[in-house]
Amino acid sequence: MAEENVNEVLGIEESTSSSNSNNSTNEVVESNNSAENTLNVIAGITLWVGIIGTIFCLFTLTTTKVVDPTDTYSIDYDTIFNPAGLAISIGVLFSTIVTWALLRVIANISTSLKEINSKIR
């Protein structure tokens with residue numbers, strides 16, 4: 001009796017004739033995942049651009065050229081390690097991975113909600 005009340009509150013009707021007539025509409029809803037597919041593509045592009053950006057930051061920001069003050073007759077540069085550049089590179093990589101994961105989770109939630117909606121109807 002409690003199950004019937006929950007079904008009535010949710011507006012779920014259990015009848016075989018209505019479930020057979022809704023099967024064709026359920027298939028249309030399941031195959032129309034273009035928004036989720038687009039979001040997954042954007043997530044992939046974001047991940048690749050972020051990885052390329054991280055590699056670029058590693059090569060450009062982690063080393064710094066400074067003038068050697070002991071050489072008085074010519075300008076000589078020393079290359080030193082820059083920890084701030086490494087922190088920026090790790091930050092770019094971390095934010096890229098978080099953004100990629102968030103976009104994938106949103107797409108998966110949307111797909112799951114569509115499947116649940118099609119099973120309820």
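Owing to the predicted nature of the structure, the values given are computational and were not obtained by experimental measurement.
Residues Leu58 and Leu86 have side chains in contact (heavy-atom distance under 4.5 Å, counting atoms from C-beta outward). The shortest distance between side-chain heavy atoms of Ile106 and Leu39 falls below 4.5 Å. Looking only at side-chain heavy atoms (C-beta outward), Thr46 and Leu103 come within less than 4.5 Å of each other. Contact annotation: the side chain of Lys114 approaches that of Asn33 to within less than 4.5 Å [non-hydrogen atoms, C-beta and beyond]. Looking only at side-chain heavy atoms (C-beta outward), Leu47 and Thr96 come within less than 4.5 Å of each other. Residues Phe56 and Ile52 fail the side-chain proximity criterion, which asks for heavy atoms closer than 4.5 Å.
Clustering ILVMFWY residues whenever any of their side-chain heavy atoms sit less than 4.5 angstrom apart, transitively, puts Trp100 in the very cluster that holds Ile51. Both Ile42 and Leu102 sit in one connected hydrophobic cluster of ILVMFWY residues. Membership requires side-chain heavy atoms under 4.5 Å apart, directly or through other members.
With rounding to the nearest 0.5 angstrom, the OG1 atom of Thr62 is 10.5 Å from the CD1 atom of Ile90. How far OG1 of Thr54 is from CZ of Phe59: 12.0 Å, rounded to the nearest 0.5 Å. If you take CD1 on Ile55 and CG on Leu93, they are separated by 9.5 Å, rounding to the nearest 0.5 Å.
Here the side chain of Ser110 pairs no donor or acceptor atom with the backbone of Ala107 at under 3.5 angstrom.
Residue Leu113 forms a side-chain contact (heavy atoms from CB on, under 4.5 Å) with just one option from Asn117, Ile109, Thr111, and that option is Ile109.
Side chain to side chain, Arg104 and Asn108 fail the donor-acceptor criterion of an N or O pair below 3.5 Å.
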